[in-house]
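Here the structure is laid out as structure tokens; the discussion comes afterwards.
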Amino acid sequence: MPYDPHAIEPKWQERWLREKTFSVQVDRSKPKYYVLDMFPYPSGSGLHVGHPKGYTATDVISRWKRMQGFNVLHPMGWDAFGLPAERAAVRENLHPAVITKRNVDNFRKQIQRLGFAYDWEREVSTTDVEYYKWTQWIFLKLFEKGLAYQAQVAVNWCPALGTVLANEEVQDGKYVETGDPVEKRSMRQWMMKITAYAERLISDLDGLDWPESLKEMQRHWIGKSCGAEATFTVQSGGKPSGAPASAMPGAAVGGSVSAANATASFTVFTTRPDTLFGATYCVLAPEHPLVASITASPQRAAVDAYVTAAKNKAERDRMADSKEKTGAFTGAFAINPATGKPIPIWVADYVLLGYGTGAIMAVPGHDVRDHAFAKAFGLPIVQVVKPVASPAGSGGSANDVGAGGTSAAIVDVQQAAFCADGVAVNSGFLDGKSTADATTAMTQWLEQQGLGRARVQYKLRDWLFSRQRYWGEPFPVLHLEDGTTVPVPYDQLPLLLPPIDEYKPTADGQPPLARATEWVKTTDPRTGKPALRETNTMPQWAGSCWYYLRFIDPKNITAPWSKEAESYWMPVDLYVGGVEHAVLHLLYARFWHKVLFDLGLVTTKEPFQKLRNQGMIVAASFQEASGKYHYPEDVEETAPGSGQWRVKASGVAVSTQIEKMSKSRYNVVNPDDVVRDYGADSMRLYECFIGPMESGGVWQTNGVEGVYRFLERAWRLFFITPKGATTDLWNPAIVDRAIGPDEKEIEKLLHKTIQKVTADLAVLGFNTAISQMMVYVNALTGRETLPRALLEPLPRLLSPFAPHLAEEVWAALGNKTLIADAPWPAFDPALCVDDELEIAVQVNGKVRDTIKVLITADQAVYQRLALASEKVQRAMEGKPAKKVIVVPKKIVNVIV
RNA sequence: GAGGGAGUGGCGGAAUUGGCAGACGCGCCGGAUUUAAAAUCCGGCGGCCUUCACCGGCCGUGCGGGUUCGAUCCCCGCCUCCCUCACCA
């Protein structure tokens, strides 16, 4: 029988499971390696071939590291709380736990069919009581530290789902997953004070081996800006009166109004305090609390109308008209603390309440947004920064010119804002200072005057941590009658999810847990006083914030993990997952980890030392002009290679395009089908061969056939199937003798192959590693005799990629132990270099011939052989060589 | 609009401290084998020109310049695509 994956794969998978081959324990005699996949949400639709791309990558590394002598921790589990199971529960009238178990069983089976080297003894699900007990335990730690708190906040309420969503889950006024509309509501919610860790979350990125783009995304998300805040005093009465009002040092963020309503003030945040002299007006966000009280009577109607309009606009997509500036004058003026002059206060929606102080000083000369606004409403524009004289000779844009000029009019700020650094002008005591110096000087001045201080501002906001859902972790807290909230004692964890009759919000809009009335009404075990339980549940992110820690000690019943396990296994050495988690899961998990670090519960500052994103696998889809999609098996090409497609049954023409796999596009490839047709080894190999692991790829069945053929060729080096026979015979070409003199070249190829595969694995270069193995197998194919020594390393090289075939061959070679436990083959560096090199010879930079030189040859030999070449001489056309460039082992270039 | 990444045959992709561009695979073409087919094995395949054929020649890594003996790789200026953020003061 020729290579038949179905005859060998289940056998080895069973044996690995039965013998717990990949179960590991803390073993301080060995170096550890912790390889982790981002664990999946077990959806009802099962795996598609995109999931195993990352899983295959970690599995290859995991098996390889193991063969290199590492104690490898490679676990898998389920991020199983979440909305889809809850909705399925409503649909099917089953408990979400039932749905979840069904989906998990399916996922596990699908994953196990691929022969991954997971330690299944460590499998966890975030929905297991023994797991979420510890999620609640960690929550209490955060609560005790004041990092989990309740607040009345404007939330993203999704009426269709009956729950709030995190800011990150909403884009353009819609839930990113389903597209359901989302609106603003003010509700009591649980919040996580992630902002307290903003600085460390940004600075600790530096030491991580993560894709730079991903680190950038996190930096942008956290959004650190350094600047200053400055207090502006409001003049009441609506008339500018040049009299400087008294400053209010340390004014509260958001503004304040004195009892007499004579002086009000507000604070702005700016990254450019050096431009304060250029602030010609101020802008408050429409929701700013001061707006109502400072607006003058003549303007009141217009301002009210604007504020109302802005509020409604915020609910729709406000992105659309972000270019057009709108606003309204309040009729009030503020004193520019630097110039002492009154400047108008406007309301405009380009200032956001949620960032900084919700108020800005507008410097239209040096900020594009302020400039656009000033132009739109005819506000004055003043230049307070001029460009630095550029060094002579350097070209540049219009805003860079001005070498030798002393005038400040070299850039025209009336035309466009000048936002670059420069030298301060028209700025009193700042004149002549560079932007950096002026920034420092102004900040100091503000501090001395009691009008402001240096300030660091982050875009990051606190994390909205509650959801109005059933299928999540209950909050282990009690609300007492006096309005306080106290933790459930640790010894009463876990706080179990109560059974309820329907997984929907109550009629009066309370979360589903409110249906469990007996559960909600309880008593405080410490005092016996009546108490109410929290009816919100935690978001899905909670469980995934610490699962990597549970994996290191999953059965621990006295602690979430032991110190011993933590100190041995952490941090995660390689973490692989989709880029879609760049700023959500990865930021939340880092935040929790840092809190745990501060509590002394973990010993590393960061959880994931090295992280890589696997690319997305896409596939062709087929669509009629009407938009209707068809399954790939239902269409055919009108003629081979024509690129034109039609529906087989109806003949209707369809267009084809490459798209993200989705059910609705009918282009999902199920790994079960691939395993059925080609086997798990081919599936794994193709996932690796499709392209670099971090870029995506187009799934093509032909490609799977290609790697399947390769595995067949490798198989046939060991087994032959005589005509008509049903069983394989050991290939008679395999001989037990030393490598012969005519086999030296192939021996070298073997060593080069081991070298390249090893080097490529170290950088996750799976596709090139496979390509090198193909070269080697091709070279062995068709040889009349095959010394065992040339064959023996091959299954070991192959085993991380195609472990089933490798085990089978390994056993046939007479080994009693598993190849999974075999040592990784070594190469002899001396056999990886050629004695003789083929060197290109160029004439005037064009290759004209090649010469063969010994690796030891000196430059003179290169030159002599190059010039002796007939082809080279012809190309030289009889002219003398002006110069001969010899780069040993690389090239010869003859210049005539 | 800002930031990041990428453009290489019919296709996926190799190759860069600057040294023979296109490894490997898909696809296609031809041959062997076969009653035939499948499978397998062998050979060929960047474009243009020249040639009966061999042998040759020119062009070619998004476009235009530059540095260099030599550029897919470095520099300058563009174009296109992808991703992320999007009035963050």
Side-chain angles (χ1 to χ4, degrees), chain A residues 2 171-172 211-221 223-225 227 268-272 275 279 283 285 318-319 321-325 348-352 354-363 366-370 372-373 395 457-461 579-580 582-583 616 640-641 643 685-686 689-692 694-707 709-710 712-713 716 756 765 767-775 777-778 781-782 838-850 871 874-875 882-887 889-896:
Chain A
Q171 213 157 28
D172 300 338
E212 195 51 42
S213 61
L214 205 143
K215 290 204 249 183
E216 273 303 295
M217 280 164 71
Q218 291 222 342
R219 287 190 194 104
H220 281 141
W221 193 264
K224 181 181 182 177
S225 321
V268 303
F269 171 72
T270 177
T271 55
R272 291 292 300 274
T275 62
V283 184
R318 69 176 92 167
M319 319 283 176
D321 30 37
S322 66
K323 276 174 200 159
E324 250 179 64
K325 292 284 182 283
D349 68 358
Y350 84 92
V351 174
L352 311 172
Y355 183 75
T357 62
I360 62 154
M361 63 179 215
V363 186
H366 305 283
D367 181 280
V368 286
R369 297 152 305 186
D370 297 343
F373 191 83
Q457 178 68 39
Y458 300 92
K459 280 200 275 190
L460 185 70
R461 309 203 196 154
V579 72
E580 64 272 17
V583 286
M616 189 172 50
L685 211 59
Y686 183 58
F689 192 62
I690 194 168
E694 302 210 32
S695 52
V698 182
W699 189 271
Q700 280 171 326
T701 302
N702 286 338
V704 189
E705 269 172 33
V707 294
R709 278 201 283 268
F710 161 65
E712 277 188 310
R713 266 204 305 285
R716 284 198 301 264
K756 176 143 179 69
N767 56 333
T768 47
I770 292 168
S771 136
Q772 182 64 37
M773 290 189 283
M774 287 172 167
V775 169
V777 168
N778 289 346
T781 296
E838 195 176 66
I839 296 293
V841 181
Q842 300 180 328
V843 177
N844 287 343
K846 282 184 183 167
V847 178
R848 297 299 178 181
D849 198 7
T850 57
K871 289 176 184 172
R874 199 188 315 152
K882 239 187 266 177
K883 195 174 169 188
V884 180
I885 291 151
V886 176
V887 184
K889 298 178 201 173
K890 300 267 188 192
I891 207 160
V892 178
N893 192 0
V894 181
I895 312 302
V896 297

query: What's the CG-C1' distance between A:Asn767 and B:rA14, to the nearest Å?
result: 8 Å

message: Quick one, A:Arg713 with A:Asn778, criterion side chain to side chain contact (heavy atoms under 4.5 Å, CB included). Give me CA distance, side-chain angles, the key distance, then yes/no.
response: CA-CA 8 Å; A:Arg713 266 204 305 285; A:Asn778 289 346; 3.0 Å; yes

- prompt: What dot-bracket string describes RNA chain B from 5' to 3', counting Watson-Crick and G-U wobble pairs whose defining distances are under 3.5 Å, with [ ] for crossing pairs and | for pairs to another strand?
  reply: (((((((..(((......[....)))((((((.......))))))((((......))))..(((((..]....))))))))))))....

- prompt: Taking the P atom of each, how far is B:rC73 from B:rU17, in whole Å?
  reply: 13 Å

- request: Assign each of A:Gly703 and A:Ser695 to its nearest nucleotide of RNA chain B by heavy atoms, then name whichever residue's nucleotide is nearer the 5' end.
  value: A:Ser695

task: To the nearest 0.5 angstrom, please state how far the OG1 atom of A:Thr781 sits from the CZ atom of A:Arg716.
output: 7.5 Å

statement: Separation of B:rG25 atom C1' from A:Glu705 atom CD, nearest Å, is 12 Å

query: What is the distance, rounded to the nearest whole Å, between atom CG of A:Asp367 and atom C1' of B:rA2?
result: 14 Å

query: By ring pair (Phe, Tyr, Trp, His ring centres under 6.0 Å), which residues pair with A:Tyr686, not counting sequence neighbours?
result: A:Trp699

A:Tyr686 OH - B:rC26 C1' separation (whole Å): 8 Å

query: When the C1' atoms of B:rU8 and B:rG47 are considered, how many whole Å apart are they?
result: 14 Å

Heavy-atom pair with the smallest gap, counting every atom of A:Leu214 and A:Ala582: CG-CB, 3.9 Å

message: How would you summarise protein contacts on nucleotides 55-61 of chain B per nucleotide, using B for base, S for sugar-phosphate only and - for none, with heavy-atom distances below 4.0 Å?
response: -SSSS--

- prompt: Looking at A:Ile690 and A:Val698, what are the two nearest heavy atoms and their distance?
  reply: CD1-O, 3.5 Å

statement: Atom CD1 of A:Ile770 and atom P of B:rA14 are separated, to the nearest Å, by 12 Å

task: Can you measure from CD (A:Gln218) to CG (A:Leu460) and round to the nearest 0.5 angstrom?
output: 10.0 Å

Every protein N/O lying under 3.5 Å from an N/O of nucleotides 18-22 of chain B:
| from | atom 1 | to | atom 2 | distance (Å) |
| --- | --- | --- | --- | --- |
| B:rG19 | N2 | A:Gln842 | OE1 | 3.3 |
| B:rC20 | N4 | A:Glu838 | O | 3.2 |
| B:rC20 | N4 | A:Glu838 | OE1 | 3.1 |

query: Of the nucleotides B:rA23, B:rC87, B:rA89, which one has an atom closest to the side chain of A:Val351?
result: B:rA89

query: Does A:Lys459 make a cation-pi contact with A:Tyr355 (under 6.0 Å, within 45 degrees of the axis)?
result: no

query: If you take all heavy atoms of A:Gly691 and A:Asn767, which pair is closest and at what distance?
result: C-ND2, 3.8 Å

task: Evaluate side chain to side chain contact (heavy atoms under 4.5 Å, CB included) for A:Val268 paired with A:Met361, printing each intermediate quantity in order.
output: CA-CA 6 Å; A:Val268 303; A:Met361 63 179 215; 4.1 Å; yes

- prompt: Hey, is the side chain of A:Ser225 poking within less than 4.0 Å of OP1 or OP2 on B:rA89, counting only N and O atoms?
  reply: yes

task: For A:Asp849 and A:Val841, indicate whether the former's side chain and the latter's backbone hold a donor-acceptor pair under 3.5 Å.
output: no

Which atom of A:Pro211 lies closest to which atom of A:Glu694, heavy atoms considered: CG-OE1, 4.1 Å

- prompt: Which way is the base of B:rG9 turned, syn or anti, if we draw the line at 90° from 0?
  reply: syn

- request: Measure across A:Ala362 and A:Val283 and return the closest heavy-atom pair with its distance rounded to 0.1 Å.
  value: CB-CG2, 4.5 Å

message: Measuring only the C1' atom in each nucleotide, how far is B:rG46 from B:rA23? A whole number of Å is fine.
response: 15 Å

- prompt: When you compare B:rC81 with B:rA32, how far apart are their C1' atoms, in angstrom units rounded to a whole number?
  reply: 46 Å

task: Could you measure between the two C1' atoms, the one in B:rG30 and the one in B:rU35, and give it in whole Å?
output: 22 Å

Any A:Tyr355 side-chain N or O less than 4.0 Å from OP1/OP2 of B:rA89: yes

query: To the nearest angstrom, how far is A:Asn702 atom CG from B:rC28 atom P?
result: 8 Å

field: N/O donor-acceptor pair, side chain A:Ser771 with base B:rA14, under 3.5 angstrom
entry: no

query: In Å and rounded to the nearest 0.5 Å, what is the CZ to CG distance from A:Phe373 to A:Asp367?
result: 12.0 Å

- line: Looking only at B:rG13, B:rC87, B:rC85, the nucleotide nearest the A:Asp349 side chain is B:rC87

task: Take atom P in B:rG43 and the same atom in B:rC20, then report the distance between them in whole Å.
output: 25 Å

message: Quick check against the 3.5 Å criterion: does A:Asn893 have a side-chain atom that pairs as donor or acceptor with the backbone of A:Val884?
response: no

- request: Determine the Euclidean distance between corresponding P atoms of B:rC54 and B:rC49; express it in Å to zero decimal places.
  value: 16 Å

Nearest non-hydrogen partners of A:Gly356 and A:Phe269, listed with the distance: CA-CB, 4.4 Å

Could you run down the sub-3.5 Å N/O contacts of the protein with nucleotides 38-42 of chain B?
| from | atom 1 | to | atom 2 | distance (Å) |
| --- | --- | --- | --- | --- |
| B:rU40 | O3' | A:Arg716 | NH2 | 2.9 |
| B:rC41 | OP1 | A:Arg716 | NH2 | 3.0 |

- line: Looking only at B:rA23, B:rA14, B:rC85, the nucleotide nearest the A:Val775 side chain is B:rA23

field: CA sep, side-chain torsions, deciding dist, call: A:Ile895, A:Ile885, side chain to side chain contact (heavy atoms under 4.5 Å, CB included)
entry: CA-CA 8 Å; A:Ile895 312 302; A:Ile885 291 151; 4.3 Å; yes

query: Using the P atom in both, what is the distance from B:rG70 to B:rA86, to the nearest Å?
result: 48 Å

message: For A:Arg709, is there an ion pair with A:Glu712 - N to carboxylate O distance below 4.0 angstrom?
response: no

statement: Given protein heavy atoms under 4.0 Å, the one-letter contact record of nucleotides 3-12 of chain B, with B base, S sugar-phosphate only and - none, is simply SS-------S

message: Assess the residue pair A:Glu705 and A:Phe710 against the criterion (side chain to side chain contact (heavy atoms under 4.5 Å, CB included)); give the C-alpha distance rounded to whole Å, side-chain angles, the decisive distance to 0.1 Å, and a yes or no.
response: CA-CA 9 Å; A:Glu705 269 172 33; A:Phe710 161 65; over 6 Å; no

- prompt: Is there a donor on the side chain of A:Lys325 or the base of B:rC87 sitting less than 3.5 Å from an acceptor on the other?
  reply: yes

message: OP1 or OP2 of B:rC69 versus the side-chain N and O atoms of A:Asn844: is any pair under 4.0 Å?
response: no

task: Could you work out which one of B:rU84, B:rA89, B:rC26 sits closest to the side chain of A:Met217?
output: B:rU84

